[in-house]
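Remarks on the structure that follows.
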2 protein chains.
Amino acid sequence: MTRKATMKDVARAAGVAPMTVSRAFKSNASVNAETRAKVMEAAEALGYVFDSAASNLRSRKSGFVAAIIPSLNNANFADTIGAMSKVLEREGLQILLGYTSYSIEEEERLIEKLLRRSPEAIVLTGGHHTERARKLLDKATVPIVETWDLPEHPIEHVVGFSNSKAMKGLVDHLVDKGFTKIAFLGGDASADLRGQARLIGFIEALEQHGLDTSRLIAAGPAPVAMREGALAMEHLLKAYPDTEAVVCVSDLTAFGALTECQRRGIRVPEDISIAGFGAYDISAFAHPTITTIEAFSAEIGRKTGQMIARLLRGDDPPEGPQCEEISPQLVVRQSTP
Amino acid sequence: MTRKATMKDVARAAGVAPMTVSRAFKSNASVNAETRAKVMEAAEALGYVFDSAASNLRSRKSGFVAAIIPSLNNANFADTIGAMSKVLEREGLQILLGYTSYSIEEEERLIEKLLRRSPEAIVLTGGHHTERARKLLDKATVPIVETWDLPEHPIEHVVGFSNSKAMKGLVDHLVDKGFTKIAFLGGDASADLRGQARLIGFIEALEQHGLDTSRLIAAGPAPVAMREGALAMEHLLKAYPDTEAVVCVSDLTAFGALTECQRRGIRVPEDISIAGFGAYDISAFAHPTITTIEAFSAEIGRKTGQMIARLLRGDDPPEGPQCEEISPQLVVRQSTP
DNA sequence: ATGAAAGCGCTAACAA
DNA sequence: TTGTTAGCGCTTTCAT
């Protein structure tokens with residue numbers, strides 16, 4: 001068993017200096033085309049594999065962008081990561097993914113772990129972090145982007161939208177349609193902070209219209225999905241049977257609520273209206289289709305990727321913190337009038 | 001602006017040798033408790049961040065496990081990665097994720113890219129790879145695990161199940177219930193190879209029962225999801241209006257098909273039966289609930305993680321290629337009798 | 001339990 | 001365009 005081939009071995013085989021091999025492996029370095037071909041051939045013959053760890057150490061560039069999301073199993077966040085990844089790939093950057101299970105303590109641990117890999121940028125979901133996490137991030141000298149939110153006190157850059165404002169738009173629409181008894185189905189207070197912001201927006205909007213804000217059902221800890229939607233609907237129907245419209249923290253919750261109605265023979269939207277959040281596939285294909293808010297998950301990822309690419313290239317004049325505000329869009333469908 | 005603190009700086013501040021700092025940062029190294037406390041204090045004060053790249057280079061251990069899945073936005077694969085990640089975390093291993101968009105050419109590129117990061121193990125989805133990919137993997141000297149399939153010629157280790165066999169079980173059940181006109185809704189031949197295996201299992205099963213195998217609707221390239229399910233159902237109803245039961249390549253497809261029926265006033269299961277694959281949440285909460293095959297995505301991830309942990313620890317006697325076969329389970333629900 | 005010396009494989013910086 | 005030298009920050013190895 002021979003040890004793994006290094007650049008030195010490739011250099012010897014190709015009859016050049018190791019530095020030339022190094023250059024041949026960078027697409028933008030100035031190397032004679034013939035020389036490069038010779039090097040590549042030698043590399044192929046030796047089964048040479050470029051060693052990123054050594055490269056990182058010497059060049060002080062990891063090629064990583066750390067991205068932290070609450071959950072892998074969420075089509076919205078997956079869309080954001082997918083779109084960002086696509087943009088960053090063009091810059092030769094790779095995503096180092098971490099997920100927090102909706103816990104900011106877990107986020108703190110994750111940040112610490114990811115920082116050891118020397119990411120060239122850090123992408124966070126949401127604007128709420130532990131104090132220590134903020135301290136760690138403040139010390140980091142790379143661009144930091146908070147997404148999916150508009151934090152009051154951003155760490156640095158932001159690509160997001162106001163969850164509460166988006167929710168307000170939905171409530172206004174329902175009030176417009178004449179509903180006065182409107183409920184909210186969501187999760188417990190502590191964990192899902194975007195869900196919490198939606199709840200706050202919901203309450204504020206009802207208050208502005210002078211409507212009752214007591215129809216709030218908390219279905220448990222995040223992630224609040226279909227099961228929780230069904231359970232919450234059950235509770236709601238028991239506690240407030242005269243409810244006219246239901247606003248849910250996400251489309252998955254809304255779907256759970258919808259099917260619970262269907263199981264009970266309650267017609268949507270004739271007997272009760274239901275709306276979700278996030279424009280998941282399911283809201284477009286459920287029967288009836290579900291009114292929702294399109295938050296443009298992929299757009300968030302794309303813009304975040306572009307922002308990072310721009311900041312790392314650094315060809316623009318020195319810039320301060322950037323903020324890209326996304327405008328969510330109400331999508332009215334069959335589950336509301 | 002001071003340059004970033006290194007171990008040397010921490011060592012100086014704590015009045016010890018760099019080597020002692022290094023040991024203090026390994027949980028299992030023999031360091032006096034007081035010394036360690038002193039080191040940690042100095043590190044904290046200096047804002048020291050451990051540099052993984054340097055550690056990797058010298059120790060020849062990256063702490064990475066490369067994992068390649070077809071798509072991020074898929075609850076089944078997300079479950080596998082989540083469960084695997086949880087097991088590997090305990091071993092101090094971090095997942096380096098890549099996704100192929102259901103293309104084995106993309107998989108090849110990804111493998112090449114990930115190999116440069118010196119993963120300590122490689123996890124693949126499926127058993128079909130480009131020739132060059134196989135060559136690259138053959139040269140790698142780390143454990144390789146193929147998942148979600150039982151390849152005829154595995155590269156090395158396997159944690160998976162037979163997609164065709166699982167499908168056969170479902171078809172047998174439907175035939176048992178008296179159906180003879182059974183259709184399959186899936187994707188095009190080329191991309192989704194697990195979907196393809198399911199189709200093959202479907203056809204074989206029908207043939208064994210001496211039934212017609214012509215009701216096959218291909219709805220387009222992967223990922224085949226709700227939209228494709230609805231479209232495929234539309235085509236099916238036009239081409240074979242007397243179909244009695246529909247088997248779908250996944251639960252998402254089945255849901256799309258189900259809702260298409262609902263839009264047309266076709267009752268499920270009274271007028272037509274529908275079954276899916278994968279035990280996604282949606283199949284448990286749709287109304288009616290959807291018959292499906294539970295493939296134990298999380299179990300695949302857990303077992304893969306455990307296998308890797310065992311192989312890397314290497315405390316067992318030298319082992320050959322491992323194969324863990326998962327047994328998918330038919331889950332009969334309301335969408336079939 | 002702690003330290004000293006050497007070097008992992010690559011590339012920045014400079015030279016030719 | 002190509003080569004030479006030095007060293008990135010850590011850990012292996014051996015010594016105490």
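Order of the sequence lines fixes the chain letters, A, B, ..., with proteins taken first and strands second; residue numbering starts at 1 for each chain.
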- List the steps and the verdict of salt bridge (Lys or Arg N to Asp or Glu O under 4.0 Å) for E112(B) and R109(B). CA-CA 5 Å; E112(B) 194 157 20; R109(B) 270 180 296 251; over 6 Å; no

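As judged by a 4.0 angstrom heavy-atom cut-off over every strand, A54(A) is placed among the base-contacting residues. Nucleic acid contact class of S52(A) (heavy atoms, under 4.0 Å, all strands): none. At the heavy-atom level, Y48(B) lies under 4.0 Å from the strands shown only through sugar-phosphate atoms. Within the nucleic acid shown, S30(A) comes within 4.0 Å of at least one base atom, counting heavy atoms only.
Checked against dT2(C), dT11(D), dC8(D), the side chain of R60(A) finds its nearest nucleotide in dC8(D). Minimum atom distance to the side chain of R58(B) is reached by dA6(C), of the listed dA6(C), dC10(C), dT11(C). In this structure, of dG9(D), dT2(C), dC10(C), it is dC10(C) that holds the atom nearest to the side chain of M7(A). In the set dT2(D), dT2(C), dT11(D), dT2(C) carries the atom at the smallest distance from any side-chain atom of V31(B). Candidate nucleotides dC8(C), dA12(C), dG3(D) were compared by shortest atom distance to the side chain of S59(A), and dA12(C) ranks first. The side chain of M19(A) has dT4(D) as its nearest neighbour among dT11(D), dT4(D), dG9(D). The N32(B) side chain lies nearest to dT2(C) when the options are dT2(C), dT12(D), dA13(C).
S55(A) has a side-chain polar atom (N or O) that falls below the 4.0 Å cut-off from OP1 or OP2 of dT11(C). For the OP1/OP2 pair of dT11(D) and a distance below 4.0 Å, the side-chain nitrogens and oxygens of K26(B) include at least one atom meeting the criterion. Close to dT2(C), at under 4.0 Å from its OP1 or OP2, lies no side-chain N or O of T20(B). Considering only side-chain N and O atoms, T6(A) lies nowhere under 4.0 angstrom from the phosphate OP1 or OP2 of dC8(C).
Counting non-hydrogen atoms of neighbouring residues, nucleotides and ligands closer than 6.0 angstrom, the NZ atom of K139(B) exceeds 12 such neighbours.
A side-chain N or O of T130(A) and one of E108(A) form a donor-acceptor pair less than 3.5 Å apart.
Projected onto DNA chain C by closest heavy-atom contact, L57(B) and T35(B) fall at different nucleotides, the more 5' of which corresponds to T35(B).
To the nearest 0.5 angstrom, S30(A) atom OG is 9.0 Å from R36(A) atom CZ.
Between I69(B) and I81(B), some side-chain heavy-atom pair lies under the 4.5 Å cut-off.
For dG3(D), the base has a donor-acceptor partner in the side chain of R23(A) [N/O atoms by modelled type, under 3.5 angstrom].
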